[in-house]
Structure formats: C-alpha cells, structure tokens
Number of protein chains: 2
Amino acid sequence: MSGTHSGRPRVGCRPILEDKWALVVVDSLATGARRFTELKRGIDGISQRMLTVTLRNLERDGILLRTVHNVMPPHITYELTPLGSTFLQAARPMMQWAEANVDRVEQARADYDSRAG
Amino acid sequence: MSGTHSGRPRVGCRPILEDKWALVVVDSLATGARRFTELKRGIDGISQRMLTVTLRNLERDGILLRTVHNVMPPHITYELTPLGSTFLQAARPMMQWAEANVDRVEQARADYDSRAG
DNA sequence: CCGAATCCTTTCCGATACTG
DNA sequence: CAGTATCGGAAAGGATTCGG
C-alpha cells in the first residue's frame with residue numbers, strides 16, 4: 001500500500017489537476033464573481049482561447065457557474081459553485097506550497113543541471 | 001485582488017503541478033523508498049517511459065532522491081527528500097478532494113453533456 | 001533490473017480572423 | 001463584451017527496441 005493511491009486511475013479528476021490554467025482561474029474566482037474580461041486581464045499570459053476552454057471545462061465539471069445577466073448591456077459572470085469552493089479550499093495548500101518553494105525548486109534544478117550538463 | 005494569485009506566472013512550480021504522473025508517483029513514495037519496478041507495478045497505467053521521465057523530473061526538482069545501492073546485485077531506490085515530503089503534505093488535501101469527488105464531477109459532466117449534447 | 005533511444009500518434013495551445 | 005473557428009507548430013506520451 002502506498003499513501004492515498006487507490007490503484008485505479010483517477011479518471012475524472014485528472015483533467016482538473018493537470019489543466020494548465022484551471023487552478024489559477026479558480027483562484028481568481030476566490031473573492032467572488034468575475035466577468036470574462038476581468039479574468040483575462042487578471043491572469044498573466046492566458047490567451048482568450050485558453051480562458052474560454054478552461055471556463056467551459058470547469059463549468060462542465062460543476063466547479064463554476066456561468067450566468068448570463070439580462071440587463072442592458074447584457075453581460076456574463078463566472079463564480080464558484082459550492083463544489084468549486086471545496087475544491088479551492090483543498091487546492092490552497094498546494095498553491096501556497098508552490099508559491100513558497102519556487103526558489104527552492106529552481107535552485108535544485110540549477111544544481112542538478114550543473115552536475116549533469 | 002484575487003486569492004493567492006500573485007499575478008506573475010508560477011514558473012518552476014507548474015511543471016510539478018501539471019505533470020500527469022507526478023502526484024501519483026510522489027504519493028507512491030509516501031510510505032518510504034521504492035524501487036523502479038515496485039513503482040511501475042503499483043501505478044496503474046503508467047508506461048516505463050513516463051515513469052522514467054517523471055522520476056527524472058522529480059529528482060531534478062529536488063522532490064525525490066535517487067540512490068544507487070552497491071550491493072550484489074546492485075539496485076536503485078527512490079525516496080522523498082524533505083522538500084518532497086512537504087510537497088506531499090501540501091498536495092494531500094487536493095488528492096483527497098479528488099478521490100472524494102470523482103463521482104460528483106462525473107455526474108456534473110453527465111448533466112452538462114445531456115443538456116448541451 | 002533499470003533504464004536510454006527511437007518512432008509515431010495524439011493532444012495542447014498560441015496566433016489569427018471572424019461574429020452577435 | 002464574450003465568445004467561435006481554424007490552422008500549424010510544439011509538446012506529451014505510448015509502443016517498441018536495445019543496452020549495461
């Protein structure tokens with residue numbers, strides 16, 4: 001036995017965990033609903049296409065909710081669902097670890113590369 | 001402001017977070033050192049190539065340590081470094097969330113697909 | 001037993017152009 | 001504003017073969 005690994009592939013969750021932008025998009029919705037352009041501006045380096053794709057996938061997964069507001073002019077907002085909020089809570093430690101240890105990891109890489117070319 | 005997102009791309013951590021197999025390999029080392037073949041047997045669906053690549057990357061990142069034992073016959077073990085242990089601790093909540101919510105996510109997908117084709 | 005190397009297919013993803 | 005459509009290069013990743 002090895003930790004929490006169950007033996008079968010975690011089909012259905014992997015796409016979230018592996019998605020290049022999913023974590024940062026979810027994180028961007030931490031403080032409440034946002035519009036497409038707000039998200040685009042707030043996320044460094046994301047293309048329009050990838051933001052669209054990421055939002056669609058997260059909506060499909062039940063992580064966020066897409067709402068069309070019929071005011072004038074009409075606009076669309078994205079916000080976390082309850083399931084999305086629990087996901088964000090669970091993901092926070094890992095994001096914080098990443099933020100806190102980027103330098104250590106890069107140092108380890110530099111060391112490794114200098115040893116082995 | 002939006003959660004823990006700093007605005008700059010998290011260069012250096014993304015490869016770990018995005019890697020298809022990194023989490024499950026790290027998790028497989030939770031209980032101690034393992035040999036290549038043990039890992040291969042324990043991880044469902046991983047190819048020899050991807051296990052090799054994943055182990056190299058994690059070693060390079062300072063997450064795990066590769067040790068060549070000069071006994072007869074010689075063998076090689078992989079184990080988490082202290083940095084790797086902190087990574088695993090940080091990743092646990094997300095892995096547990098994934099394990100606990102696969103069904104919910106798949107249900108959400110089925111609902112979404114039945115609504116929109 | 002633990003890989004490295006090669007081949008080949010699939011998927012990702014940015015750039016660009018267009019739409020209601 | 002909030003997308004959709006299409007293209008093409010880049011990267012991932014499986015299968016297979018070979019080596020120490």
Side-chain angles (χ1 to χ4, degrees), chain A residues 9-25 28-29 33-61 64-79 109 112-113 115-117, chain B residues 9-25 28-29 33-61 64-79 109 112-113 115-117:
Chain A
R10 292 183 188 72
V11 185
C13 56
R14 283 215 318 238
I16 302 177
L17 300 187
E18 290 163 30
D19 192 291
K20 184 174 183 178
W21 297 105
L23 279 176
V24 67
V25 166
S28 294
L29 294 172
R34 291 286 182 278
R35 299 175 62 171
F36 187 90
T37 309
E38 292 180 283
L39 291 169
K40 175 107 173 61
R41 268 198 307 268
I43 300 174
D44 194 42
I46 197 169
S47 67
Q48 194 172 30
R49 179 186 189 292
M50 289 321 295
L51 181 55
T52 301
V53 170
T54 303
L55 288 170
R56 278 297 161 281
N57 287 336
L58 289 171
E59 185 194 1
R60 177 169 181 261
D61 288 347
L64 59 79
L65 187 66
R66 180 179 184 269
T67 308
V68 180
H69 300 270
N70 287 315
V71 296
M72 268 316 223
H75 65 275
I76 296 170
T77 57
Y78 298 90
E79 63 192 313
R109 284 179 189 175
Y112 183 94
D113 293 345
R115 283 197 302 272
Chain B
R10 292 183 188 71
V11 185
C13 57
R14 284 215 318 236
I16 303 177
L17 300 187
E18 290 162 28
D19 191 291
K20 184 173 183 178
W21 298 106
L23 279 175
V24 65
V25 166
S28 294
L29 293 173
R34 291 285 182 277
R35 299 178 62 174
F36 187 91
T37 310
E38 292 180 282
L39 291 169
K40 174 106 174 63
R41 269 197 307 269
I43 300 175
D44 194 42
I46 197 169
S47 67
Q48 193 172 31
R49 175 182 144 75
M50 289 322 297
L51 181 55
T52 301
V53 170
T54 302
L55 288 170
R56 277 298 160 279
N57 287 335
L58 289 172
E59 184 194 3
R60 178 169 179 261
D61 289 347
L64 59 79
L65 187 67
R66 179 180 185 267
T67 308
V68 180
H69 300 269
N70 286 317
V71 296
M72 270 314 228
H75 65 276
I76 297 170
T77 58
Y78 300 89
E79 63 191 314
R109 284 179 189 175
Y112 183 94
D113 293 346
R115 283 197 300 272

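Per chain, numbering begins at 1; letters A, B, ... match sequence-line order.
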K.L.:
Taking atom P of D:dA2 as reference, at what distance in whole Å does atom CG of A:Asn70 sit?
P.N.:
14 Å
K.L.:
Using the test side chain to side chain contact (heavy atoms under 4.5 Å, CB included), find all partners of A:Leu65 that sit at least two apart in sequence or belong to another chain.
P.N.:
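By the side chain to side chain contact (heavy atoms under 4.5 Å, CB included) rule, A:Leu65 matches A:Thr67, A:Glu79, A:Thr81.
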K.L.:
What is the separation between atom NE2 on B:His69 and atom P on C:dC2, rounded to the nearest whole Å?
P.N.:
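In whole Å, C:dC2 P lies 10 Å from B:His69 NE2.
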K.L.:
Whether A:Arg66 contacts D:dA2 is assessed here as follows: a side-chain N or O lying under 4.0 Å from the phosphate OP1 or OP2. Is that the case?
P.N.:
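A:Arg66 to D:dA2 OP1/OP2: no side-chain N or O under 4.0 Å.
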K.L.:
Does some side-chain heavy atom of B:His75 sit less than 4.5 Å from a side-chain heavy atom of B:Val68?
P.N.:
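In short, these two side chains do not touch, never coming nearer than 4.5 Å.
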K.L.:
I'd like to know if the side chain of A:Lys40 and the backbone of A:Leu51 have a donor-acceptor N/O pair within less than 3.5 Å.
P.N.:
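Not a single qualifying donor-acceptor pair exists.
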K.L.:
Anything below 3.5 Å on both distances counts as a pair; with that, list the stems of at least three consecutive Watson-Crick or G-U pairs involving DNA chain C.
P.N.:
C:1-20 with D:1-20
K.L.:
Could you tell me the separation between the NZ atom of A:Lys40 and the C1' atom of C:dG14, rounded to a whole number of Å?
P.N.:
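Rounded to the whole Å, the gap is 11 Å.
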K.L.:
Expressed in angstrom and rounded to an integer, what is the separation of B:Asn57 atom CG from D:dG13 atom C1'?
P.N.:
13 Å
K.L.:
Distance check: side-chain N/O of A:Arg35 vs OP1/OP2 of D:dA2, anything under 4.0 Å?
P.N.:
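Looking at the OP1 and OP2 atoms of D:dA2, one of them is under 4.0 Å from a side-chain N or O of A:Arg35.
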K.L.:
Who passes side-chain hydrogen bond (donor to acceptor under 3.5 Å, both in side chains) against B:Thr77, sequence neighbours left out?
P.N.:
B:His69
K.L.:
Under the salt bridge (charged side-chain N to carboxylate O under 4.0 Å, His left out) test, which residues partner A:Arg56, sequence neighbours left out?
P.N.:
A:Glu59
K.L.:
For DNA chain C, whose closest nucleotide is more 5', that of B:Thr52 or that of B:Arg41?
P.N.:
B:Arg41
K.L.:
Quickly work out the A:Met72 CE to D:dC1 P distance and round it to whole Å.
P.N.:
16 Å
K.L.:
Nearest whole Å is fine: how far is D:dC1 P from A:Arg34 CZ?
P.N.:
16 Å
K.L.:
Could you state the CD1-C1' distance from A:Ile76 to D:dT4, rounded to the nearest angstrom?
P.N.:
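Answer to the nearest Å: 13 Å.
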K.L.:
If we only count heavy atoms from C-beta on, is the A:Tyr78 to A:Arg66 side-chain gap below 4.5 Å?
P.N.:
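Yes - at least one pair of side-chain heavy atoms lies under 4.5 Å apart.
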K.L.:
Please list, chain by chain and in numerical order, all residues satisfying side chain to side chain contact (heavy atoms under 4.5 Å, CB included) with B:Thr52, sequence neighbours excluded.
P.N.:
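Only B:Phe36 meet the side chain to side chain contact (heavy atoms under 4.5 Å, CB included) criterion with B:Thr52.
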K.L.:
Would you indicate whether the side-chain heavy atoms of A:Tyr112 and A:Arg115 approach each other to under 4.5 Å?
P.N.:
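In short, these two side chains touch, coming nearer than 4.5 Å.
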K.L.:
Which parts of nucleotides 14-20 of chain D does protein reach within less than 4.0 Å, heavy atoms only, written one letter per nucleotide 5' to 3' as B for base, S for sugar-phosphate only and - for none?
P.N.:
BB-B---
K.L.:
Can you tell if the side chain of B:Leu29 reaches within under 4.5 Å of the side chain of B:Leu39, non-hydrogen atoms only?
P.N.:
yes
K.L.:
Given atom CG of A:Leu51 and atom P of C:dG14, what is their separation to the nearest angstrom?
P.N.:
11 Å
